[in-house]
Amino acid sequence: MKILVIGGSYFYGRVFVMEASKAHELTVWNRGTYSMREFGVKEIRADRHERTAACEEDYDAVVDFCAYGPKDIRDTVEHMAGKIGQYILISTVDVYERDAAVTKTEDTSLEERVIPGEAGAYIAGKVAAERELSKVCGERNIPYTVLRPAILYGPYNYAPRESAYIGMLLMNHVLPEFTDADGRFQFVYVKDAVQAVLASLGNCTAYGQAYNLCQDQILTYGSFFETLKAVAGQEDLAGLTKVRLSVEEASRQGVPVPFPATKPETHLCDNEKGKRELSLRYTAFEEGLGRTYRAFRNVYVR
């Protein structure tokens with residue numbers, strides 16, 4: 001297939017390009033932060049709101065990793081002079097209404113309330129982008145698919161999430177032990193999320209549909225740290241110190257708290273629709289974290 005990838009050099013998009021370039025013809029359109037040319041793809045370095053040569057061609061699919069508002073969607077579709085066979089938008093499970101007591105399915109209502117701060121702006125932008133996608137693709141009879149990943153983890157993750165704790169363990173020989181963190185959360189291994197995109201490409205079952213992408217296990221900070229220690233091995237655990245502190249103390253001291261730490265922040269989702277319709281399967285967390293740990297260990301330990 002001939003695929004236009006918007007974004008495609010940062011973590012999820014990067015791993016997608018690495019995998020998809022083995023079997024598909026890819027054009028990667030981004031601002032050129034990280035080059036992907038070594039994977040045999042065509043690169044277009046430009047802002048997504050500019051009209052470029054990429055807009056003149058036909059594509060079997062557009063895979064959009066970096067739409068954060070409705071203008072991103074509308075500009076892309078309106079600039080495309082060529083045919084779009086399918087538009088796949090990477091969204092997030094954060095688009096759902098904030099209700100910690102409800103496990104979200106793809107039919108759960110999207111968030112309408114105004115949530116203050118940067119996180120609220122991100123959620124509002126993603127909700128608006130999804131709605132704009134439905135509108136503009138409906139106007140032009142373009143099949144579309146929305147993928148909503150939970151917390152992404154894995155090699156190449158530039159965000160300071162699991163890698164922050166791996167670095168603390170390897171470089172400082174310390175891990176926090178939160179005394180009052182009762183939040184729960186779900187991850188999705190980046191290669192599993194990539195497989196969801198590949199399974200959606202040209203798949204008429206996925207047209208007009210949204211899918212949650214999340215692993216089967218539900219974690220807490222306690223189970224996360226226990227799994228991290230299990231994949232680290234005895235050599236790296238030698239001399240490890242655990243520092244007990246509250247979530248508030250951690251925040252004051254600059255200790256990362258990147259995952260939901262309280263029950264009200266808990267945001268769990270159902271993954272059965274993707275399993276049923278796209279045959280999605282999820283890597284066990286210990287296996288995925290083990291792969292991630294070994295990748296980052298090569299960075300931190302020379």
Side-chain angles (χ1 to χ4, degrees), residues 11 92-104 108 111 113 115-123 148-154 157-190 193 212-233 236-237 239-271 282-293 296-297 300:
F11 190 31
T92 171
V93 295
D94 289 332
V95 295
Y96 295 118
E97 283 183 335
R98 321 311 287 173
D99 187 343
V102 175
T103 297
K104 282 74 175 178
T108 299
E111 184 58 78
R113 293 167 294 183
I115 299 173
E118 186 176 333
Y122 171 78
I123 292 166
R148 296 170 179 157
I151 303 170
L152 282 156
Y153 78 102
N157 188 3
Y158 303 103
R161 294 196 288 259
E162 74 279 5
S163 63
Y165 293 125
I166 293 171
M168 289 174 67
L169 188 157
L170 289 170
M171 304 296 289
N172 306 109
H173 306 292
V174 65
L175 281 177
E177 180 179 326
F178 299 126
T179 58
D180 58 349
D182 56 3
R184 298 185 296 159
F185 41 89
Q186 290 162 295
F187 287 106
V188 57
Y189 186 55
V190 65
N212 295 335
L213 309 181
C214 54
Q215 67 181 26
D216 298 321
Q217 295 107 313
I218 296 172
L219 297 171
T220 64
Y221 271 95
S223 59
F224 172 85
F225 288 129
E226 287 304 312
T227 306
L228 178 55
K229 288 187 289 184
V231 302
D236 290 344
L237 294 178
L240 178 67
T241 299
K242 290 192 296 185
V243 177
R244 288 174 56 84
L245 70 174
S246 68
V247 171
E248 183 179 349
E249 288 170 336
S251 298
R252 286 202 306 266
Q253 296 177 28
V255 176
V257 188
F259 315 129
T262 66
K263 284 183 179 179
E265 293 176 283
T266 294
H267 195 52
L268 303 180
C269 293
D270 183 277
N271 64 13
Y282 292 98
T283 302
F285 183 61
E286 183 166 349
E287 179 182 349
L289 189 60
R291 296 175 188 171
T292 306
Y293 183 86
F296 279 104
R297 192 181 192 281
Y300 289 120

For Pro176 and Tyr165 the tightest heavy-atom approach is CG-CE2, 3.8 Å
For Gln186 and Cys269, indicate whether the former's side chain and the latter's backbone hold a donor-acceptor pair under 3.5 Å. yes
Ring-ring centroid check Tyr189 Tyr282, cutoff 6.0 Å: no
When you check the side-chain N and O atoms of Ser223 and Glu226, is any donor under 3.5 Å from an acceptor? no
N/O donor-acceptor pair under 3.5 Å between Gln253 side chain and Ala250 backbone: no
Keeping Glu287 on the side-chain end and Ala284 on the backbone end, is there a donor-acceptor pair under 3.5 Å? no
Between Phe187 and Phe259, is the ring centroid distance below 6.0 Å? yes
In the structure I gave you, are the side-chain heavy atoms of Phe296 and Leu170 within less than 4.5 Å of one another anywhere? no
With a 4.0 Å cut-off on N to O distance, would you call Asp236 and Arg297 a salt bridge? yes
So does Arg244 have more than 12 non-hydrogen atoms from other groups sitting under 6.0 Å from CZ? no
Can a salt bridge be assigned to the pair Glu111 and Arg113 using a cut-off of 4.0 Å between side-chain N and carboxylate O? yes
Can you check whether Val93's main-chain N or O pairs, donor with acceptor, with His267's side chain at less than 3.5 Å? yes
Could you verify whether a donor N or O on one side chain and an acceptor N or O on the other, from Asp270 and Asn212, lie under 3.5 Å apart? no
Below 6.0 angstrom between ring centroids: does that apply to Tyr153 and Phe285? yes
Quick check: does any side chain N or O of Lys104 sit under 3.5 Å from a backbone N or O of Val102, one acting as donor and the other as acceptor? yes
